[in-house]
There are 4 protein chains.
Amino acid sequence: MSADPAIAPGAGGEESGDGRVLRARALRDARRNQLLQAARRVFAERGYLGASINAIQAEAGVSRATFYLYFDAKLACFAEVLAGFVERLRAAIAPVDIRAATPPREQLVSNLVRVLGILEEDADLTRMLLQQARGTDPEIDLALDDLDRGVLALIVGSLTTGRRLGLVRVDERDIGLHASFVLGALKEAASQTFLAAPGRGAPRDHEEIASALLDFTLRGVLRDPTQLGEPG
Amino acid sequence: MSADPAIAPGAGGEESGDGRVLRARALRDARRNQLLQAARRVFAERGYLGASINAIQAEAGVSRATFYLYFDAKLACFAEVLAGFVERLRAAIAPVDIRAATPPREQLVSNLVRVLGILEEDADLTRMLLQQARGTDPEIDLALDDLDRGVLALIVGSLTTGRRLGLVRVDERDIGLHASFVLGALKEAASQTFLAAPGRGAPRDHEEIASALLDFTLRGVLRDPTQLGEPG
Amino acid sequence: MSADPAIAPGAGGEESGDGRVLRARALRDARRNQLLQAARRVFAERGYLGASINAIQAEAGVSRATFYLYFDAKLACFAEVLAGFVERLRAAIAPVDIRAATPPREQLVSNLVRVLGILEEDADLTRMLLQQARGTDPEIDLALDDLDRGVLALIVGSLTTGRRLGLVRVDERDIGLHASFVLGALKEAASQTFLAAPGRGAPRDHEEIASALLDFTLRGVLRDPTQLGEPG
Amino acid sequence: MSADPAIAPGAGGEESGDGRVLRARALRDARRNQLLQAARRVFAERGYLGASINAIQAEAGVSRATFYLYFDAKLACFAEVLAGFVERLRAAIAPVDIRAATPPREQLVSNLVRVLGILEEDADLTRMLLQQARGTDPEIDLALDDLDRGVLALIVGSLTTGRRLGLVRVDERDIGLHASFVLGALKEAASQTFLAAPGRGAPRDHEEIASALLDFTLRGVLRDPTQLGEPG
DNA sequence: GATGAATGAGTGTTCATTCAT
DNA sequence: TATGAATGAACACTCATTCAT
């Protein structure tokens, strides 16, 4: 259609073909994201079983069958929503480097702040994950267990390292238990801070929460632990 | 209903009447309990939405419509199941009396041990409570929030008292946050201990868990908190 | 409520109870039959896949979910329809008794007449069974295969007996094949007679058809088989 | 499309134009055939209602909408598949020529052998034709009726000729019925031989089957038809 | 008090078909 | 020509709930 040999029909055709393909892919990805966002909202609001495909497609503004163009099934869509969230969380957690310039405590606080940021950003989804997600499907449960296990492993690793350096007092066989305590404290802090009905105390800065959590974890609540009078 | 003096509401008649009423009430209560127990099992196993009235009445061994003789609706039944569990938990928690003969730490451990006992006894229901119960209905959520709030208030009270006695170092405005940490540690410990797939570490004695949790709460994980290098 | 000791409340209550139960059962059976008839009509008209539960319940005049009170699933309902038909056919076929007063040929004709009667009575269902029923579900296919196998076994038995008596000329290894021929002739006769568009030749009496079929089976179409000039 | 004489519809241009058209047609025909073959396989395997356009286009390796470039609708495609099969069958049946060198019996056997060959070659399609094809659509049913009618007319013609030559004993008004018998025997033989579960008797040579079928048709199963004791 | 029967609304999912590109 | 995207209608099936008996 043009006489310019530099953009001969062959090349031009190919380019236009690529352009079309690219545009099509972008459109497809956009729709997909549109559906994923809608699904995220609906799942977050009603839980897995309470969420209906109907509600998701309505929220996304597409027709019923369209949903199935992008997801094989309800469960697959939920798994994807979940995976995205888990991925963001994983990415937010940087391994603590003892030899780095920033002191470990600051690195930990940074991690916590990033995690809290994500949790607050997706508060609805967080609520569902913390409170409703399990028991739906073995696959989903495994994914959630994996997430927990991953975080627990991180904490266990930190505690073990601390023990080796003589910093941590926890008996080796109690490390798993204490890791649970730490994880639970984090979860509940997130629940109470982002998810509960507002007005329960002043809203707190993520940095403050992270710092307090770390403080609590490391030192407990006593002023002078030697007074503890614990057995042994 | 009859004027015949032979079956008049005389002594025997009255007794027989009361007896009938009493027996009827007892029967009714028995049926009700039978249904509640069945509902508890089914709700615990499948969650609120996953549980069907069908399954509940089948588990109870009564007919389908009978369910509605004892409960207005599915939600009402669920609420009652939940309320029963919450009540048991509340009853297990005794307020700590500083002036009592038993030292406060022992009282706390006793509370925890009782709570852990209930949680383990009804592990399925505990799982649902901790992981799936919210988001079903505003009323249910409020009930669960109440439970949380009650426990948190207890913890806040303890911390405040500790602060007044100069034992607790936590800043006053951080007390709510730390209470969350404590509650979360308890919840997660319960989750990991009773609910997770078995084989993750040795099963622990409730006393051990309670003691460790209290220890963690009070002292944190550090051997020497003065090394903490915290800001301030 | 009555003073007559002969119909004391106990006995009367029991009797009335039985009456109610019986009436309830009768009602239930009636509904069930009503649904079965409707299903038979719809399956016959549209085939298994073409028939929708919607159409069946509408034909039966009940609500959608009611269907599932009486049948576990579509396939179960179809299987029952099928089983009923097969049962009627089986019942119509009496084993031929050589020592009976009625000559074997008459017994065979009677069997055929009875079978043709059933096939005509349920012409729609017959059409579906002969033309559409297979390929839907392995279980259904097996049931149909069983029916075929049963009839084929009957024919094979007859032919073998005939051979032993020196009446039948068919080589032993060809008996199965000839049994197929006989069954096919029967099926197609039924198809062409009851099921095809009308007006193709005069409608025939069942007795005539049965007689002709038997004649064809036994003697073939030749006037003088010795002219056949067959190989061997 | 351009006035430039260099690419005017000159000799080369015309040839290239024809070539393009031809190539396009060839491509179109190829695609069409590709789709028809795929449709044949899918229809044969799952029946009309069980087959989905999705499955057909996937089997053909083309995109979903492409199907509709070559066929107006699912039914049209099915009709075409069927028509092709019917056409092959028709082509396989040569009218018997009494004056030909090969004796009529051999001509008949040849016809049967050819038909059996086609049926076995497309066993899946045969199964569907014999067992599932009807009831889909009035048009389809008519086409299948036409096939049946055509074959029946051939058989009727043979029988009538035989009668005229004094070879066939069948009463004139029974000829249609006997033609049905013959067709049915053929169909069932095909069903039992090619389509049924294997292992039911030794697999038979087409020539043997054809011969046996002809034998059965002509002579029936009796050794001595004079013993028949038929009425009249 | 107890129940079998009944049902409207809803579930997740698949379908044949259309259309813009 | 070819196709990816889209969709309304339909599917089999389940649900919590009501009601006559």
Side-chain angles (χ1 to χ4, degrees), chain A residues 16-17 19-21 23-25 27-28 30-32 49-57 61-77, chain B residues 24-25 27-28 31-32 49-57 62-77, chain C residues 16-17 19-21 23-25 27-28 30-32 49-57 61-77, chain D residues 23-25 27-28 31 49-57 62-77:
Chain A
S16 120
R20 268 191 208 161
V21 167
R23 216 176 315 136
R25 260 187 211 160
L27 273 172
R28 181 170 177 84
R31 259 278 195 277
R32 199 184 165 75
L49 283 178
S52 74
I53 306 289
N54 233 336
I56 294 175
Q57 52 95 342
V62 300
S63 193
R64 179 141 353 142
T66 301
F67 176 88
Y68 286 93
L69 284 181
Y70 295 90
F71 304 101
D72 280 345
K74 188 188 184 183
L75 187 57
C77 175
Chain B
R25 265 191 207 156
L27 271 174
R28 183 168 175 84
R31 265 271 201 280
R32 198 182 166 75
L49 284 175
S52 73
I53 306 284
N54 227 334
I56 293 174
Q57 50 95 339
V62 302
S63 189
R64 192 164 316 164
T66 302
F67 177 90
Y68 286 92
L69 287 179
Y70 295 91
F71 304 101
D72 279 347
K74 187 188 184 184
L75 188 57
C77 174
Chain C
S16 119
R20 267 192 207 160
V21 167
R23 215 177 315 136
R25 260 188 211 160
L27 272 174
R28 179 169 177 84
R31 259 276 193 277
R32 198 185 165 74
L49 284 177
S52 74
I53 306 289
N54 231 335
I56 293 175
Q57 52 93 343
V62 301
S63 192
R64 181 140 350 142
T66 301
F67 176 89
Y68 288 93
L69 284 180
Y70 294 90
F71 304 101
D72 280 345
K74 187 189 184 184
L75 187 56
C77 175
Chain D
R23 219 177 310 135
R25 264 190 208 157
L27 271 174
R28 182 169 175 84
R31 264 271 201 282
L49 283 176
S52 74
I53 305 284
N54 227 333
I56 293 174
Q57 51 95 339
V62 302
S63 189
R64 192 164 314 165
T66 301
F67 177 90
Y68 287 91
L69 287 179
Y70 295 92
F71 304 101
D72 278 348
K74 188 187 185 184
L75 188 57
C77 175

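In what follows, every chain begins at residue 1, and chains take the letters A, B, ... in the order their sequences are listed. Worth knowing before you read on, the calculation uses all heavy atoms, side chains too, and leaves out hydrogens, waters and symmetry mates. Note that the structure is predicted; figures quoted are calculated from it, not measured.
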Side chains of C:Tyr70 and C:Cys77 in contact at under 4.5 Å (non-hydrogen atoms): no
Can you check the [X] [atom1] to [N] [atom2] distance for me, whole Å?
X: D:Leu27; N: F:dT1; atom1: CG; atom2: C1'; result: 10 Å
X: A:Arg32; N: F:dA5; atom1: CZ; atom2: P; result: 11 Å
X: B:Ile53; N: E:dA6; atom1: CD1; atom2: P; result: 20 Å
X: B:Leu49; N: E:dG12; atom1: CG; atom2: C1'; result: 15 Å
X: C:Arg64; N: F:dA10; atom1: CZ; atom2: P; result: 11 Å
X: B:Phe67; N: F:dA16; atom1: CZ; atom2: P; result: 9 Å

C:Ile53 CD1 to C:Phe71 CZ distance, which is reported to the nearest 0.5 Å: 9.5 Å
From A:Arg28 atom CZ to A:Leu69 atom CG, the distance as rounded to the nearest 0.5 Å: 7.0 Å
Heavy atoms under 4.0 Å, any strand shown: does [X] hit a base, just sugar-phosphate, or nothing?
X: C:Ala73; answer: sugar-phosphate
X: D:Ala51; answer: sugar-phosphate
X: C:Leu69; answer: base

5′-ward residue of the pair D:Thr66/A:Thr66 relative to DNA chain F: D:Thr66
Hey, does the side chain of [X] come within less than 4.0 Å of [N]'s phosphate (OP1/OP2), counting only N and O?
X: B:Ser63; N: E:dG4; result: yes
X: A:Arg31; N: F:dA6; result: yes
X: A:Ser52; N: E:dT11; result: yes
X: D:Tyr68; N: F:dT3; result: no
X: D:Tyr70; N: F:dA2; result: yes
X: A:Arg28; N: F:dA5; result: yes
X: A:Asn54; N: E:dT11; result: yes

Taking all non-hydrogen atoms of both residues into account, name the closest pair between [X] and [Y] and its distance.
X: D:Lys74; Y: D:Leu49; value: NZ-O, 3.7 Å
X: C:Gln57; Y: C:Val62; value: OE1-O, 2.7 Å
X: D:Ala73; Y: D:Tyr68; value: CA-CE2, 4.2 Å
X: D:Thr66; Y: D:Arg31; value: CG2-NE, 4.4 Å

Nucleotide pairing, DNA chain E (Watson-Crick or G-U, distances under 3.5 Å), in dot-bracket with [ ] and |: .||||||||||||||||||||
Closest listed nucleotide, where the reference is the side chain of A:Ala65 and the choices are F:dC11, F:dA2, F:dT7: F:dT7
